[in-house]
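Okay, so here's the structure we're looking at.
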Amino acid sequence: MEGGISSFPVPSTRIAVVTGGNKGIGLEVCRQLAGNGVTVVLTARDETRGGAAVEKLGELGLSSVIFHQLDITDASSIARLADFLKIRFGRLDILINNAAFGGVEYNRDPAYASVTSEEELCGMDRDQRLEWLWRNSRETYDAAKKGLQTNYYGTKHVIEALLPLLQASSNGRIVNVSSDFGLLRFFRNEELKQELNNVGNLTEERLDELLDTFLKDFEAGKADARGWPVAFAAYKVAKAAMNAYSRILAAKEPGLRVNCVHPGYIKTDITMHSGLLTPEEGGSRVAKVALLPEGGVTGAFFEDGEEASFV
Ligand SMILES: NC(=O)c1ccc[n+]([C@@H]2O[C@H](COP(=O)([O-])OP(=O)(O)OC[C@H]3O[C@@H](n4cnc5c(N)ncnc54)[C@H](OP(=O)(O)O)[C@@H]3O)[C@@H](O)[C@H]2O)c1
């Protein structure tokens with residue numbers, strides 16, 4: 001099919017794409033957006049897991065959820081999604097970049113941690129839980145590299161491919177699911193921190209250079225000495241880079257709303273279910289920013305449901 005001609009009627013509702021929609025916060029965002037009358041394209045890299053998630057939402061009476069395969073690290077998968085959206089809808093109103101990888105190897109299967117860690121975590125506060133998560137994780141070069149490839153480059157490539165469709169919307173918005181771990185306070189190298197915060201001068205090319213430098217320092221065991229964040233370093237660096245890119249993009253695309261959200265510390269696989277809040281609570285913070293009234297803030301960071309500092 002060509003030229004945007006579709007055998008399906010284009011819905012009058014808003015159309016959203018959610019990456020990593022098969023579980024955790026992503027699944028909740030799909031549920032909440034669909035519950036607010038949005039047509040949702042729930043994407044997942046695994047067709048079986050994605051299909052099962054759509055079925056689950058269908059059982060809740062949410063029939064406006066469509067599945068499409070998407071691995072955010074696979075260029076052809078991204079291109080297939082862009083083609084599908086172009087033909088089926090001709091535009092995109094909301095893009096939720098939720099898919100991510102922890103950037104570490106876990107000492108136990110995160111999917112089963114919800115059962116196995118319950119007793120250990122009982123009575124622990126936030127810092128103790130993060131400490132527990134850290135003790136059950138290992139930083140390796142391969143995991144760090146995959147963290148940057150997924151969380152920064154994968155997200156960026158999805159945005160680039162879907163940008164023309166967002167521009168075709170009268171109210172296009174991008175919500176990048178970020179983290180308080182991406183805040184610049186974790187960078188102990190003051191120059192680096194300033195550079196990442198000075199988004200008026202920062203370029204995408206410079207961001208690429210900085211990420212290359214981080215990986216080299218990490219591989220050489222010098223990341224700590226050079227003032228990069230410590231503990232979950234690749235995750236923190238990738239989220240900080242995504243925040244910076246969001247701010248650059250927001251300035252370049254004033255017609256769009258491009259914002260970042262920290263969902264909170266949530267009980268999902270990525271935290272081995274050590275979080276303090278439920279996926280429903282995390283998902284509602286993301287959905288809230290996605291559904292902000294037209295013409296609102298752009299290039300902002302949201303934490304606890306409120307606009308907050310990137311630093
Ligand atoms: N949980 C927290 O406390 C917390 C805090 C701050 C920020 N966040 C952010 O919230 C977002 C959602 O995380 P979560 O807590 O819901 O974790 P999660 O349950 O582990 O979900 C991660 C999702 O990302 C998907 N994914 C990973 N790599 C992918 C790829 N290459 N292509 C497509 N999908 C991919 C996973 O798919 P598979 O099932 O196929 O692996 C899964 O659907 C992430 O951006 C995370 O960084 C979470």
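Any value given below was found using the heavy atoms of this structure, including those in side chains, with hydrogens, waters and symmetry copies removed.
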**Message:** Quick check against the 3.5 Å criterion: does Lys239 have a side-chain atom that pairs as donor or acceptor with the backbone of Val177?
**Reply:** yes
**Prompt:** Shortest non-hydrogen contact from Asn243 to Cys260?
**Reply:** OD1-SG, 3.4 Å
**Message:** Looking at every heavy atom in both Phe214 and Ala223, which two are closest together, and how far apart are they?
**Reply:** CE1-CB, 4.3 Å
**Item:** Check: Ala290 main-chain N/O paired with Arg173 side-chain donor or acceptor under 3.5 Å
**Value:** yes
**Complete:** So the side chain to side chain donor-acceptor pair (under 3.5 Å) pairs with at least one residue in residues 46-69 (sequence neighbours excluded) are Gln69-Ser77
**Asked** Can you list the steps and then say if Arg129 with Leu121 is a side chain to side chain contact (heavy atoms under 4.5 Å, CB included)?
**Response** CA-CA 7 Å; Arg129 282 166 183 254; Leu121 292 163; 3.9 Å; yes
**Prompt:** With a 4.0 Å cut-off, would you call Arg126 and Asp180 a salt bridge?
**Reply:** yes
**Request:** Please round to the nearest 0.5 Å and tell me the distance separating atom CH2 of Trp228 and atom NZ of Lys236.
**Result:** 14.0 Å
**Request:** May I ask whether Val286 and Val289 are part of the same hydrophobic cluster, defined by side-chain heavy atoms of I, L, V, M, F, W, Y residues being less than 4.5 angstrom apart, directly or through others?
**Result:** yes
**Request:** Quick one: closest heavy-atom pair of Ala161 and Ala82, and the distance?
**Result:** O-CB, 4.1 Å
**Prompt:** Taking only residues at least two apart or on different chains, which pairs with a member in residues 139-167 satisfy salt bridge (Lys or Arg N to Asp or Glu O under 4.0 Å)?
**Reply:** Lys156-Glu160, Lys156-Glu204
**Message:** I'd like to know if the side chain of Gln32 and the backbone of Glu280 have a donor-acceptor N/O pair within less than 3.5 Å.
**Reply:** yes
Under 3.5 Å donor-acceptor pairs involving side-chain atoms of residues 291-311, not counting sequence neighbours:
residue: Thr298; atom: OG1; partner: Val258; partner atom: N; Å: 2.8
residue: Ser309; atom: OG; partner: Val311; partner atom: N; Å: 2.8

**For the student: nearest non-hydrogen atoms of Leu207 and Ala241, plus distance** = CD1-O, 3.9 Å
**Complete:** For Ala53 and Leu27 the tightest heavy-atom approach is CB-CD1, 3.9 Å
**Asked** Side-chain contact, heavy-atom cut-off 4.5 Å: Asn198 with Gln194?
**Response** no
**Request:** Flag the pair Leu162 / Ile78 as yes when at least one side-chain heavy-atom distance between them is below 4.5 Å, and no otherwise.
**Result:** no
**Cluster check Val261, Met242: I/L/V/M/F/W/Y, side chain < 4.5 angstrom** = no
**Asked** Between Arg285 and Pro263, is there a donor-acceptor pair closer than 3.5 Å when you use the side chain of the first and the backbone of the second?
**Response** yes
**Request:** Could you state whether Val230 and Val104 fall into the same hydrophobic cluster, counting links through intermediate Ile, Leu, Val, Met, Phe, Trp or Tyr residues with side-chain heavy atoms under 4.5 angstrom apart?
**Result:** no
**Fill in**
Heavy atoms of Ala168 and Gly90 approach each other most closely as CB-O, 3.8 Å
**Request:** Enter the distance from Ile72:CD1 to Asn97:CG here, rounded to the nearest 0.5 Å.
**Result:** 7.0 Å
**Request:** Output the distance between atom OG1 (Thr203) and atom CD (Glu209), rounded to the nearest 0.5 Å.
**Result:** 7.0 Å
**Prompt:** So Thr271 and Ile266, side chain to side chain contact (heavy atoms under 4.5 Å, CB included) or not? Walk me through it.
**Reply:** CA-CA 7 Å; Thr271 61; Ile266 314 293; 5.7 Å; no
**Asked** Okay, side chain of Arg257, backbone of Pro254: is any donor-acceptor separation there less than 3.5 Å?
**Response** yes
**Item:** Donor on one side chain, acceptor on other, Tyr265 and Ser274, under 3.5 Å
**Value:** yes
**Request:** Kindly check if the number of other-residue, nucleotide or ligand heavy atoms within 6.0 Å of CZ (Arg206) is above 12?
**Result:** yes
**Asked** Looking at CD of Glu119 and SG of Cys122, how far apart are the two atoms once the value is rounded to the nearest 0.5 Å?
**Response** 8.0 Å
**Message:** Testing Val41, Leu165, Leu163 one by one against Leu92 for a side-chain contact (heavy atoms from CB on, under 4.5 Å), which residue passes?
**Reply:** Leu165
**Asked** Can you tell me if Asp125 uses its side chain to pair, donor with acceptor, with the backbone of Asp127 under 3.5 Å?
**Response** yes
**Message:** Just to verify, what does Asp224 make a salt bridge (Lys or Arg N to Asp or Glu O under 4.0 Å) with, not counting sequence neighbours?
**Reply:** Arg188
**Euclidean distance, Ser170 OG relative to Arg91 CZ, rounded to 0.5 Å** = 7.0 Å
**Asked** Is Arg80 close to Phe84 at the side-chain level, that is, under 4.5 Å between some pair of heavy atoms?
**Response** no
**Message:** Quick one, Tyr245 and Val199 - any side-chain contact, counting heavy atoms below 4.5 Å?
**Reply:** no
**Complete:** Of Val175, Asn176, Ile174, Thr43, the one forming a side-chain contact (heavy atoms from CB on, under 4.5 Å) with Ile96 is Val175
**Asked** Stepwise, does the salt bridge (charged side-chain N to carboxylate O under 4.0 Å, His left out) test hold for Glu219 with Lys216?
**Response** CA-CA 5 Å; Glu219 192 173 25; Lys216 283 189 188 123; over 6 Å; no
**Asked** Which is it for Leu57 and Leu60 under the side chain to side chain contact (heavy atoms under 4.5 Å, CB included) test, yes or no, and what are the steps along the way?
**Response** CA-CA 5 Å; Leu57 295 180; Leu60 298 175; 4.2 Å; yes
**Message:** Are Leu249 and Leu196 connected into the same hydrophobic cluster when the rule is that any two of I, L, V, M, F, W, Y join if their side-chain heavy atoms are below 4.5 Å apart?
**Reply:** yes
**Message:** Between Asn107 and Arg135 (side chain of the first, backbone of the second, donor and acceptor by atom type, cut-off under 3.5 Å), is there such a pair?
**Reply:** yes
**Message:** Nearest 0.5 Å, please: how far is OG in Ser76 from CG in Asp83?
**Reply:** 11.0 Å
**Fill in**
Residues passing the ring-ring contact (aromatic ring centres under 6.0 Å, His included) test with Tyr106, sequence neighbours excluded, are none
**Request:** Indicate yes or no for a side-chain donor-acceptor contact from Lys267 to the backbone of Thr278 under 3.5 Å, with no hydrogens or angles considered.
**Result:** no
**Item:** Val40-Phe89 co-clustered via ILVMFWY side chain contacts under 4.5 Å
**Value:** no
Pairs of donor and acceptor atoms involving the side chains of residues 9-22, under 3.5 Å and at least two apart or interchain, shall be tabulated with distances.
residue: Thr13; atom: OG1; partner: Thr39; partner atom: OG1; Å: 2.6
residue: Thr19; atom: OG1; partner: Asn98; partner atom: N; Å: 2.8
residue: Thr19; atom: OG1; partner: Ala99; partner atom: N; Å: 2.9

**Message:** Regarding Ser169 and Asn171, do their side chains bring together a donor and an acceptor under 3.5 Å, going by distance alone?
**Reply:** no
**Request:** Give the C-alpha distance, both sets of side-chain angles, the deciding distance and a yes or no for side chain to side chain contact (heavy atoms under 4.5 Å, CB included) between Asn197 and Phe187.
**Result:** CA-CA 11 Å; Asn197 197 31; Phe187 288 73; over 6 Å; no
**Item:** Heavy-atom check, side chain of Phe218 versus side chain of Val237, under 4.5 Å
**Value:** no
**Message:** Would the distance check show the side chain of Asn151 and the main-chain N or O of Phe101 forming a donor-acceptor pair, the cut-off being under 3.5 Å?
**Reply:** yes
**Prompt:** Mind checking whether Glu195 and Leu202 have side chains closer than 4.5 Å, heavy atoms only?
**Reply:** yes
**Prompt:** Between Ile159 and Thr155, is any pair of side-chain heavy atoms under 4.5 Å apart?
**Reply:** yes
